Amino acid sequence: MASAERTVIALELHPKNGVTPEDIKSAVVNHVASAMRELGRFGNVSAVRLLQDRADSRHLLLVSTDSSWNPTTTIGNLGAITRIDHLGSFHFVALASLDGTETSGQTDPGRDLGNDVRLFELRPTSGSTPDDLAEAVDTQLATRVGAPSTRSGNVLNVSLLRQNDADRHLLFFGVDTGTSPNNESRLAALRDTADVKELGSFIQQPLP
């Protein structure tokens, strides 16, 4: 985990009628990403990531901070155009195959989670621990980052977040495009140590 991203606030955005993805992106840039320039002693915003669901208008907003941060005022500014659901506060889990970093560095600037990002909710099964879950993600998925290229489904990023003071995890699995049988079998293997629920497929929106 990068030291500047000790806390990640995850929010689900549901645009109101007539609001476009560009409206959402502009609002995030103006009201949230701009906070990265407002440095203080505590609660500095170190990264902002915006993902759009491929299936509908839902967006996922990830706000990373260097310490505790109260998003009420900043996030509240988005309330005029979207309903906001708070998914919780998380922290990155270091994966050994990625040298302890939270993203692979294989992707374009502004799309560090991958070009085609699938999101999963993971919880350790009975008898398994969060460490077991992280080891399974590392073994099954993170080892595929930077593997020799195939026609589709090349793994660009694997990021695992754990909810603070809970066993709930969010897994971001980013590929270049498409799927592959190998990836699907590796994702299925996670069920040996985790309850797996797929939450959607997203496109990360580059932010200026």
Side-chain angles (χ1 to χ4, degrees), residues 1-2 5 8 10-13 21 24-25 28 47-64 87 90-124 130 132-163 168-208:
M1 180 184 70
E5 297 195 51
V8 181
L11 306 118
E12 200 172 67
L13 309 180
I24 295 294
K25 182 175 179 178
V28 168
V48 177
R49 299 175 176 94
L50 179 66
L51 297 93
Q52 181 181 350
D53 196 320
R54 288 183 174 275
D56 55 35
S57 61
R58 177 179 58 150
H59 288 67
L60 187 66
L61 177 62
L62 305 174
V63 183
S64 301
L87 301 183
F90 296 79
H91 58 272
F92 278 109
V93 177
L95 299 174
S97 296
L98 301 181
D99 297 324
T101 60
E102 76 280 8
T103 55
S104 68
Q106 301 291 315
T107 55
D108 297 329
R111 288 190 174 173
D112 63 335
L113 297 179
N115 300 330
D116 187 351
V117 185
R118 294 169 68 183
L119 174 61
F120 300 86
E121 180 182 87
L122 308 180
R123 298 176 188 268
D132 295 332
L133 185 154
E135 183 178 356
V137 169
D138 186 49
T139 300
Q140 295 296 337
L141 302 180
T143 54
R144 299 301 300 163
V145 175
S149 296
T150 59
R151 294 185 62 182
S152 64
N154 296 298
V155 181
L156 301 179
N157 175 70
V158 176
S159 293
L160 182 65
L161 283 73
R162 180 180 177 184
Q163 188 167 3
R168 180 188 182 206
H169 295 68
L170 295 180
L171 169 64
F172 294 85
F173 183 61
V175 301
D176 52 0
T177 183
T179 60
S180 73
N182 187 31
N183 288 345
E184 296 306 311
S185 64
R186 287 174 174 271
L187 287 166
L190 296 180
R191 298 184 184 278
D192 292 339
T193 54
D195 293 324
V196 181
K197 178 181 179 182
E198 186 159 7
L199 301 181
S201 178
F202 296 80
I203 302 171
Q204 187 173 358
Q205 299 293 332
L207 300 176

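Here the structure is a predicted model, which is why all the values come from computation and not from measurement. Numbers for residues simply follow the sequence, beginning at 1.
- Within the 4.5 Å cutoff, the side chain of Leu13 has heavy atoms near those of the Ile24 side chain.
- Remark: Ser57 pairs with Pro15 by the side-chain contact (heavy atoms from CB on, under 4.5 Å) rule, at least two apart or across chains.
- Residue Arg49 holds its CZ atom at 15.0 Å from CZ of Phe202, rounded to the nearest 0.5 Å.
- In this structure, Val158 and Val137 have side chains that are in contact, with non-hydrogen atoms separated by less than 4.5 Å.
- Checking side-chain atoms of Asp53 against main-chain N and O of His59 turns up no donor-acceptor pair under 3.5 Å.
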Before you tell me yes or no, could you show the steps for Asn115 and Ile203 under side-chain contact (heavy atoms from CB on, under 4.5 Å), namely the whole-Å CA-CA distance, both residues' side-chain angles and the distance that decides it to 0.1 Å? CA-CA 6 Å; Asn115 300 330; Ile203 302 171; over 6 Å; no
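- Of the possible polar contacts, one joining the Arg186 side chain to the Gln140 backbone as a donor-acceptor pair under 3.5 Å is found.
- The shortest side-chain heavy-atom distance between Leu50 and Leu60 does not fall under the 4.5 Å cut-off.
- Listed by chain and number, the residues in a side-chain contact (heavy atoms from CB on, under 4.5 Å) with Asp192 amount to none (sequence neighbours excluded).
- With rounding to the nearest 0.5 angstrom, the CZ atom of Phe172 is 9.0 Å from the CG atom of Leu199.
- Residues Ala10 and Leu170 approach most closely at CB-CD1, 4.5 Å, considering heavy atoms.
- Taking the side chain as every heavy atom from C-beta outward, Asp112 and Gln204 approach each other to under 4.5 Å.
- Partners of Glu12 according to the side-chain contact (heavy atoms from CB on, under 4.5 Å) rule, which considers only residues two or more places apart in sequence or in another chain, are His14, Arg58, Asp85, Leu87.
- The nearest pair of heavy atoms linking Ala134 to Leu95 is O-CD2, 3.8 Å.
- Annotation: the span from Leu160 atom CG to Leu141 atom CG amounts to 9.5 Å, rounded to 0.5 Å.
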Apply side-chain contact (heavy atoms from CB on, under 4.5 Å) to residues Arg162 and Arg168 and explain how you reach the verdict. CA-CA 6 Å; Arg162 180 180 177 184; Arg168 180 188 182 206; over 6 Å; no
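- Using a distance-only test at 3.5 Å, with no hydrogens or angles considered, no donor-acceptor pair links the side chain of His169 to the main chain of Gln163.
- For the pair Leu51 and Val117, the minimum side-chain heavy-atom distance is below 4.5 Å.
- For Arg123, the salt bridge (charged side-chain N to carboxylate O under 4.0 Å, His left out) partners at least two apart in sequence or on another chain are Glu121.
- Remark: Ser201 engages Arg54, Asp116, Arg118 in a side-chain contact (heavy atoms from CB on, under 4.5 Å) (not counting sequence neighbours).
- Residues Asn157 and Phe173 have side chains not in contact (no heavy-atom distance under 4.5 Å, counting atoms from C-beta outward).
- With sequence neighbours excluded, the residues that form a side-chain hydrogen bond (donor to acceptor under 3.5 Å, both in side chains) with Asp138 are Ser97.
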Residue pair Leu98, Val145: steps toward the side-chain contact (heavy atoms from CB on, under 4.5 Å) verdict: CA-CA 8 Å; Leu98 301 181; Val145 175; 3.9 Å; yes
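- The closest side-chain heavy-atom distance from Glu198 to Leu119 is not below 4.5 Å.
- Under the 3.5 Å distance criterion, the side-chain polar atoms of Ser185 are matched with a main-chain donor or acceptor of Asn182.
- Closest heavy-atom contact between Leu113 and Ser159: CD2-OG, 3.8 Å.
- A heavy-atom distance below 4.5 Å is found between the side chains of Leu207 and Val28.
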Kindly indicate, with the supporting measurements, whether the criterion side-chain contact (heavy atoms from CB on, under 4.5 Å) is fulfilled by Asn183 and Val175. CA-CA 10 Å; Asn183 288 345; Val175 301; 4.0 Å; yes
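- Taking all atoms of both residues into account, the shortest heavy-atom contact from Thr193 to Ala136 is OG1-CB, 3.4 Å.
- Of the N and O atoms on the side chains of Asn154 and Asp176, at least one donor lies less than 3.5 Å from an acceptor on the other residue.
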